[in-house]
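What follows is a short report on a single structure.
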Amino acid sequence: MKRKTMLFCLYLSCSLGIHSLAATSDLPYKDPKLSVEQRVTDLLGRMTLEEKVAQLNMKSLSGLKTNEKGKVTESSLEALFGGESIGCLESPFIEHGKIAAYSEAADQYLRTKTRLGIPAIQIAECLHGHMALGATIFPQSIGLGSTWNPELIREMAGVIAQEALLAGVDQALSPLFDIARDPRYGRVEECYGEDPYLVKEMGVAFVKGLQGEPEQSSKGIAPGKLAAMGKHFVAYSKPEAGINIAPALVGERELREDHLYPFEAAVKEANIYSIMPGYHEIDGVPIHASKWLLKDILRDEWGFDGYIFSDYGAIGMMNYLHHTADGPKETGFQAITAGVDVEAPGAYGYKHLVELVKEGRLPESVVDERVRCVLTIKFKMGLFDRPFKVHKDDQQKVHTKENVDLARRIAEESIVLLQNNDNVLPLDKNKLKSLAVIGPNADKVQFGDYSPTKNNDYGITVLQGLRSYLGDEVKVNYALGCGITSLFTDSIASAVEAAKNSDAVILVLGGTSQTLSGIGWGDENSKELATCGEGYDRNELDFPGVQPQLLEAVAATGKPIVLVMINGRPLTIGEEAKKVNAVVEAWYPGEKGGEAVARVLFGEVNPSGRLSMTFPPTTGHIPLYAAQKPSARGFYKSPGTPENPGRDYVFSQPKPLFCFGHGLSYTTFEYKNMHIKEAGDVVRVSCELANTGKRDGAEVAQLYVRDVVSSTSTPLKALKAFQKVYLKAGEAKTIELVVKKEDLKVWNPEMKKVLEPGEFKVMVGSSVEDIRLDGSFDVR
């Protein structure tokens with residue numbers, strides 16, 4: 001009787017899907033000595049259709065609950081999973097330690113209480129820090145791009161990986177390889193910049209910092225590393241009219257020359273594990289339904305062997321936004337046959353896959369192909385073989401002093417000095433008795449979108465940074481002045497009074513972005529609207545609200561004014577710049593931003609940031625970017641040259657307010673003695689770079705190339721190499737900038753990528769408009 005009871009219980013446990021891990025440990029897919037392909041094939045052959053489809057969906061850990069002792073309840077685990085494995089799990093946007101507890105419970109459940117014990121890939125937002133309360137908050141991506149320092153970004157990504165791993169995260173939903181060409185678009189702040197080469201260098205550095213070197217990641221993710229996800233494939237950041245999700249008006253040649261270029265590098269140079277398609281469409285086809293992009297190019301042409309993860313709700317949008325699918329079932333069919341492996345957040349189109357297979361419309365082999373991609377990544381990530389996730393009190397390893405110091409250092413390198421009339425900066429606290437600090441962003445942290453909070457408790461404001469730096473030596477007169485978007489002018493008078501009673505003014509203006517989590521949403525003391533971030537596009541790029549009136553009133557006092565901008569996109573500040581002495585672009589500078597700003601303003605740090613996006617004079621100048629084609633700046637110039645265009649608008653020139661690569665320093669740099677040498681597959685350009693000033697500093701040497709005559713049009717100046725060089729006062733170095741001949745190829749009229757013979761002009765300088773040396777070489 002006892003034997004029969006035991007057999008019955010074993011049968012019941014199997015049929016209910018709660019087979020233990022130990023009972024299946026001798027199966028081939030559990031054997032780490034076998035190849036990944038062998039293990040995937042064995043596991044796939046054991047799965048039911050329903051289990052396969054579950055691997056193509058995602059659920060959120062936010063559905064879990066804890067008891068009074070903080071332990072995750074079995075009932076919430078059963079409610080979330082119901083004995084079923086899942087492809088991916090989303091980390092909730094909550095406290096770091098709580099995420100770790102949820103992760104531990106979910107991993108234990110999936111690996112011991114589901115029939116086959118298949119673990120899930122836990123994903124999390126990690127754009128500029130793990131999006132969890134308590135993790136280190138680094139500067140927003142547009143600021144990261146302005147460092148022009150890939151090694152610094154690589155170091156940061158390594159820290160993000162370490163902190164996220166302690167919360168059980170397996171994969172980051174980052175970085176972005178989007179080319180930002182329209183500053184009206186709200187997600188510009190998430191991009192590294194406007195240039196394909198710069199974006200490629202920064203993005204590849206992030207992936208390598210997160211995943212490790214491709215030599216290792218091609219075999220598996222090393223301990224201490226996370227898988228990366230490249231997004232948003234492709235040309236998502238060039239939306240019609242700057243509106244998020246709008247169609248990308250781009251032809252195949254531009255797509256290949258600019259937008260596909262950094263993604264290809266992510267696949268071939270960094271071995272990125274996952275790709276996320278964008279919400280948009282190209283040439284009438286939603287990206288999530290584009291076999292040409294997702295199969296022909298990404299997989300067949302480039303050899304991508306990771307998995308494709310849908311953007312949130314994007315599959316459903318083919319039904320209710322693009323109207324290219326008639327109902328949820330059709331969206332699922334289009335996406336899976338195009339090559340999308342996982343639907344996020346799931347349960348819209350892919351919940352109909354079983355039905356589609358049983359109807360005979362969708363071959364099960366297509367489902368198998370998609371599941372194989374997901375399982376392959378799971379095995380390569382070591383999810384089946386690692387120890388169970390264990391929630392420990394590891395908070396002492398998160399947000400460490402070293403990590404926070406790195407956040408400050410990155411903020412310091414991201415700050416761009418745009419204007420410095422009469423060398424008003426750096427300020428000298430020994431010559432100041434009082435300083436006015438004014439503006440809606442003076443005493444408010446702004447971390448940017450995809451941050452866990454907007455609470456001042458998690459960062460240092462500009463006001464706090466200045467007060468800490470100045471101590472009792474200089475009196476600080478603070479005034480709010482106005483809100484960010486509010487139209488009330490009641491506080492402007494007190495700001496004017498503060499300025500009158502001070503020797504100089506720090507005027508801190510700009511914008512604010514939402515936080516997707518809802519934690520710290522808005523401002524308890526005001527009802528400010530988000531002005532940037534996902535879904536916050538603008539038709540004008542001036543300061544919002546009554547900030548221009550505040551600047552006008554403060555400028556009327558005649559006091560020296562330093563305008564500090566805390567914001568997420570280039571702004572049209574031509575008139576404002578005329579009324580102030582200095583302009584500092586700090587972007588969203590992370591949790592140590594206020595301290596970094598103070599150190600730059602008073603010369604403790606010599607600014608070395610350079611613009612990664614062009615600042616247009618007006619919104620009507622958009623699009624305006626460095627790598628434009630020869631005809632883009634017009635023809636009717638009287639007088640004028642290609643480098644200095646004349647009157648091509650009736651009342652304006654088509655030239656930037658502040659150009660790509662621009663950024664001032666507290667010292668001066670000299671370039672001389674350029675030499676150009678071809679060496680096999682590369683061209684080596686060397687020159688002597690000297691710090692000719694009295695302060696230590698860093699210069700970003702930028703190399704641009706012009707293909708003098710080509711079968712299809714090419715940019716007047718295309719960035720092909722750069723190097724950030726640190727020099728002591730009076731120091732000189734010989735630097736070398738290497739151009740790959742592969743990057744000199746054009747997509748010819750037959751849409752073939754070829755290196756055409758002829759002359760190439762080389763220009764080296766401090767920005768795209770500040771060229772110091774030039775020369776040329778011939779390709780034969």
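Along the sequence shown, residues carry numbers from 1.
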Practice problem: Mark yes when over 12 heavy atoms from residues, nucleotides or ligands other than Gln216 sit less than 6.0 Å from its CD; otherwise mark no. | Solution: yes
Quiz prompt | Heavy atoms of other groups near Lys65 NZ, more than 12 under 6.0 Å | solution =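 No - once you tally the heavy atoms of other residues, nucleotides and ligands closer than 6.0 Å, there are 12 at most.
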Self-check item: Contacts of type side chain to side chain donor-acceptor pair (under 3.5 Å), residue Lys389, not counting sequence neighbours
Solution: Ser103, Gln122, Asp170
Counting only N and O atoms by type, is there a donor-acceptor contact under 3.5 Å from the side chain of [X] to the main-chain atoms of [Y]?
X	Y	result
Gln334	Ala289	no
Asp537	Asn244	yes
Asn319	Asp326	no
Lys52	Arg372	no

Exercise. Walk me through it: do Lys745 and Glu257 pass the test salt bridge (Lys or Arg N to Asp or Glu O under 4.0 Å)?
Key: CA-CA 9 Å; Lys745 291 181 177 180; Glu257 287 176 345; over 6 Å; no
Quiz item: cation-pi between [X] and [Y], 6.0 Å / 45°:
X	Y	answer
Arg256	Trp747	yes
Lys231	Tyr450	yes
Arg111	Phe388	yes
Arg361	Phe333	yes

Quiz item: Quick one: does Leu80's side chain get under 4.5 Å of Leu77's, heavy atoms only?
Solution: no
Quiz item: Do Val207 and Pro175 have side-chain heavy atoms sitting under 4.5 Å apart?
Solution: yes
Search all heavy atoms of [X] against all heavy atoms of [Y] and return the closest pair with its distance.
X	Y	result
Val199	Gly193	CG2-O, 3.5 Å
Tyr350	Ile315	CE1-CD1, 3.9 Å
Val340	Ser310	CG1-CB, 3.9 Å
Cys373	Gly306	CB-O, 4.0 Å
Ala172	Leu210	CB-CD2, 3.5 Å

Quiz item: According to the interplanar angle, ranging from 0 to 90°, do the rings of Phe309 and Tyr312 count as parallel (below 30°), tilted (30 to 60°) or perpendicular (above 60°)?
Solution: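 Aromatic pair Phe309/Tyr312 classed tilted.
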Practice problem: May I have the step-by-step check of salt bridge (Lys or Arg N to Asp or Glu O under 4.0 Å) for Lys291 and Asp300, ending in yes or no? | Solution: CA-CA 11 Å; Lys291 296 179 183 178; Asp300 297 341; over 6 Å; no
Self-check item: Name of the residue among Asn57, Thr331, Leu56, Leu353 meeting side-chain contact (heavy atoms from CB on, under 4.5 Å) with Glu343
Solution: Asn57
Quiz item: With respect to Phe177, which candidate in Tyr236, Phe263, Phe233, Tyr192 satisfies the ring-ring contact (aromatic ring centres under 6.0 Å, His included) definition?
Solution: Phe263
